[in-house]
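Note that this is a predicted model, so its numbers are computed, not measured.
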Amino acid sequence: DKLSVEDKTAIETAIKVVREAIKTDNIENIDHEVKHLTDVWEPIVKKLYPQGQGANGQPQFSKEQME
């Protein structure tokens with residue numbers, strides 16, 4: 001519900017392309033398409049979960065910060 005139609009379409013399209021690439025067994029193509037999926041996904045995740053907050057809205061701390 002939090003995703004725009006454009007973001008959702010971009011992710012779905014990138015996933016479909018990765019699935020098709022997997023069928024080819026061409027490692028270079030698969031790697032390329034997975035990178036593209038990551039490039040599409042990362043900015044969307046950053047919008048959904050601003051830096052410093054996890055999926056549940058709670059602050060995220062590194063291991064060093066917790067010690």
Side-chain angles (χ1 to χ4, degrees):
D1 293 338
K2 295 179 182 181
L3 291 177
S4 70
V5 173
E6 294 83 13
D7 288 344
K8 189 174 181 179
T9 301
I11 292 169
E12 289 173 345
T13 300
I15 290 169
K16 286 178 186 177
V17 172
V18 169
R19 287 181 175 158
E20 290 300 314
I22 291 169
K23 293 177 185 177
T24 69
D25 291 330
N26 180 329
I27 299 301
E28 289 178 13
N29 188 39
I30 294 168
D31 286 344
H32 173 76
E33 297 304 341
V34 168
K35 182 179 179 333
H36 175 71
L37 173 59
T38 302
D39 292 344
V40 170
W41 177 252
E42 284 181 346
I44 295 168
V45 170
K46 287 179 183 179
K47 285 192 288 186
L48 291 175
Y49 305 108
Q51 189 173 21
Q53 291 190 345
N56 61 3
Q58 298 298 317
Q60 296 292 300
F61 299 101
S62 70
K63 198 175 198 179
E64 292 80 21
Q65 291 172 318
M66 304 253 331
E67 294 175 348

Handout entry: Contact check, side chains of Val18 and Ile30, non-hydrogen atoms, under 4.5 Å
Key = no
Completion exercise
Across all chains, not counting sequence neighbours, the side-chain hydrogen bond (donor to acceptor under 3.5 Å, both in side chains) partners of Lys16 are none
Exercise for the section: Please name all residues satisfying side chain to side chain contact (heavy atoms under 4.5 Å, CB included) with His36, sequence neighbours left out, ordered by chain then number. Expected result: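 Only Ala14, Glu33, Val40 meet the side chain to side chain contact (heavy atoms under 4.5 Å, CB included) criterion with His36.
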Problem - Partners meeting side chain to side chain contact (heavy atoms under 4.5 Å, CB included) with Val45 (sequence neighbours left out) - result: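 With neighbours one apart ignored, the set is Trp41, Tyr49.
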Problem - Working for side chain to side chain contact (heavy atoms under 4.5 Å, CB included), residues Leu3 and Lys47 - result: CA-CA 9 Å; Leu3 291 177; Lys47 285 192 288 186; over 6 Å; no
Exercise for the section: Could you note down all residue pairs passing side chain to side chain donor-acceptor pair (under 3.5 Å) where residues 19-32 supplies at least one of them, sequence neighbours left out? Expected result: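 The answer is Glu20-Lys23.
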Problem - Ile44-Val34 co-clustered via ILVMFWY side chain contacts under 4.5 Å - result: yes
Problem - Pairs meeting criterion salt bridge (Lys or Arg N to Asp or Glu O under 4.0 Å) with involvement of residues 35-44, two or more places apart - result: Lys35-Asp39
